[in-house]
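Below: the structure, in structure tokens.
Hydrogens, waters and symmetry mates are skipped; everything else that's a heavy atom, side chains included, is used.
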Amino acid sequence: PSHPDSKSVAAFGRIWIYDAALSIYADLKAGRVRSAGYQAGRVMQLALQEKAKGFLGLWHFSYNTRGDSFIDPRGPTGANCWCLNALYSYALERGDAVLIAWANRAVEEFLFAQQVMDPRDPRYGLIRAGLHNADEVKNEETMGYRVYEGDRNCPYEHVILEHCIDAAGTFRLAYRSTRKHLPQREKFLAELIRRHELLME
């Protein structure tokens, strides 16, 4: 309770999407594959709910779990990549081609869009930091309570090296998963290689 973040995290029972990913990994490592699968399914459902509400990202950074309407106005690429990585890891363990296909669409629609593809741009090949609600970020009084009322899909234009590292991991896991369980997706596999090499350069 004495930690400065206690009021906004513990006291409100917020769940951070990055922690949800770590929880899936922990279950896999401990051999609790069924529990990992349940969590993977819930995380995927959350992304589908976000999409239905018009969010172009996958997940917001955090959510409240105790009936409060709080949704974090930020949708950072790095945390989203961690969730994708956890889903790919579970799908690799279980051979779940349906989940891999869903994650691949998420990579194509969200993650590819975050990569700077203009060779004239000094950020060429790097990954943008994601999406946010510009109105909510400016107004801390209501931050997270009116996420879907403002510009919910405002892109961050800066790049963060941590997010780039996370995205490299996602490209690799997407490649491994697809090559093993959906090898017929040759164009997607080739695009993953191209984008990974560009990012690493």
Side-chain angles (χ1 to χ4, degrees), residues 16-22 24-25 43-44 46-48 50-51 53-62 71-89 91-92 99-138 147 150-201:
W16 297 76
I17 202 67
Y18 169 83
D19 295 335
L22 291 182
I24 293 170
Y25 273 121
V43 164
M44 189 173 75
L46 183 56
L48 291 171
E50 290 278 24
K51 187 173 185 177
K53 291 178 179 176
F55 185 46
L56 297 179
L58 298 171
W59 299 278
H60 282 89
F61 204 12
S62 65
I71 298 175
D72 199 309
R74 300 163 295 174
T77 303
N80 278 252
C81 284
W82 267 90
C83 261
L84 285 172
N85 294 351
L87 294 179
Y88 276 123
S89 297
L92 266 171
L99 182 53
I100 292 168
W102 180 86
N104 286 352
R105 282 193 302 276
V107 167
E108 288 175 304
E109 293 172 8
F110 171 70
L111 189 53
F112 284 178
Q114 303 313 308
Q115 191 166 22
V116 179
M117 299 303 287
D118 181 355
R120 298 164 299 176
D121 193 308
R123 303 167 302 167
Y124 181 46
L126 298 176
I127 306 292
R128 293 183 190 89
L131 302 171
H132 66 96
N133 185 317
D135 300 329
E136 294 291 341
V137 169
K138 291 175 188 170
V147 164
D151 182 1
R152 71 188 76 171
N153 294 306
C154 187
Y156 285 118
E157 290 300 335
H158 60 285
V159 296
I160 299 175
L161 291 179
E162 177 188 349
H163 295 206
C164 293
I165 294 165
D166 298 337
T170 305
F171 289 155
R172 292 172 191 171
L173 277 165
Y175 183 87
R176 285 177 54 205
S177 303
T178 304
R179 186 176 177 197
K180 184 173 182 180
H181 297 290
L182 296 169
Q184 67 274 20
R185 297 247 10 232
E186 294 177 3
K187 287 184 179 177
F188 179 65
L189 288 167
E191 185 65 8
L192 285 170
I193 292 171
R194 183 175 85 90
R195 286 176 176 269
H196 180 268
E197 287 180 351
L198 182 59
L199 174 59
M200 296 309 290
E201 284 174 13

How long is the straight-line distance from [atom2] of [Y] back to [atom1] of [X], given to the nearest 0.5 Å?
| X | Y | atom1 | atom2 | value |
| --- | --- | --- | --- | --- |
| I193 | L198 | CD1 | CG | 13.5 Å |
| W82 | D19 | CH2 | CG | 10.5 Å |
| E136 | D151 | CD | CG | 11.0 Å |
| R179 | L192 | CZ | CG | 12.5 Å |
| M44 | L87 | CE | CG | 8.0 Å |
| I127 | L111 | CD1 | CG | 5.5 Å |

Under 3.5 Å: donor-acceptor pair, side chain of [X], backbone of [Y]:
| X | Y | value |
| --- | --- | --- |
| T77 | G130 | yes |
| Q115 | L126 | no |
| R185 | A101 | no |
| R152 | L131 | no |

- request: Give the C-alpha distance, both sets of side-chain angles, the deciding distance and a yes or no for salt bridge (Lys or Arg N to Asp or Glu O under 4.0 Å) between E108 and R105.
  value: CA-CA 5 Å; E108 288 175 304; R105 282 193 302 276; over 6 Å; no
task: Give me the one residue out of L84, D72, I71 that meets side chain to side chain contact (heavy atoms under 4.5 Å, CB included) with W59.
output: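 That would be L84; it is the only one of L84, D72, I71 passing the side chain to side chain contact (heavy atoms under 4.5 Å, CB included) with W59.
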message: Ring centres under 6.0 Å, that's the criterion: do H60 and F55 meet it?
response: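 Between H60 and F55, the centre distance is under 6.0 Å.
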Return the minimal non-hydrogen interatomic distance between [X] and [Y], and the atom names on each side.
| X | Y | answer |
| --- | --- | --- |
| H132 | Y156 | CD2-CE2, 3.2 Å |
| L189 | P183 | CD1-O, 4.0 Å |
| A86 | Y25 | N-OH, 3.7 Å |
| H163 | P76 | CE1-CB, 3.8 Å |
| G150 | D135 | CA-OD2, 3.0 Å |
| G78 | D166 | CA-OD2, 3.3 Å |

query: Is there side-chain contact between F188 and V107, with heavy atoms separated by less than 4.5 Å?
result: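 Of all side-chain heavy-atom pairs linking V107 with F188, at least one is under 4.5 Å.
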message: Can you list everything that forms a side chain to side chain donor-acceptor pair (under 3.5 Å) with K180? Sequence neighbours excluded, please.
response: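 Here no residue qualifies.
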message: Are there over 12 heavy-atom neighbours, none belonging to R176, within less than 6.0 Å of that residue's CZ?
response: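 No, because the 6.0 Å sphere around CZ of R176 holds 12 heavy atoms or fewer from other groups.
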message: Assess the residue pair C164 and L199 against the criterion (side chain to side chain contact (heavy atoms under 4.5 Å, CB included)); give the C-alpha distance rounded to whole Å, side-chain angles, the decisive distance to 0.1 Å, and a yes or no.
response: CA-CA 8 Å; C164 293; L199 174 59; 3.9 Å; yes
- request: Please test L46 against I17 for side chain to side chain contact (heavy atoms under 4.5 Å, CB included), starting from the C-alpha separation and ending with a verdict.
  value: CA-CA 10 Å; L46 183 56; I17 202 67; 4.2 Å; yes
query: Does NZ or CZ of R195 lie under 6.0 Å from the centre of the six-membered ring of F112, at an angle within 45° of the ring axis?
result: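 Relative to the ring axis of F112, which defines the angle, R195 lies inside both limits.
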field: Option from T178, T170, N104 for which side-chain hydrogen bond (donor to acceptor under 3.5 Å, both in side chains) with Y88 holds
entry: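 By the side-chain hydrogen bond (donor to acceptor under 3.5 Å, both in side chains) criterion, Y88 pairs with just one of T178, T170, N104: N104.
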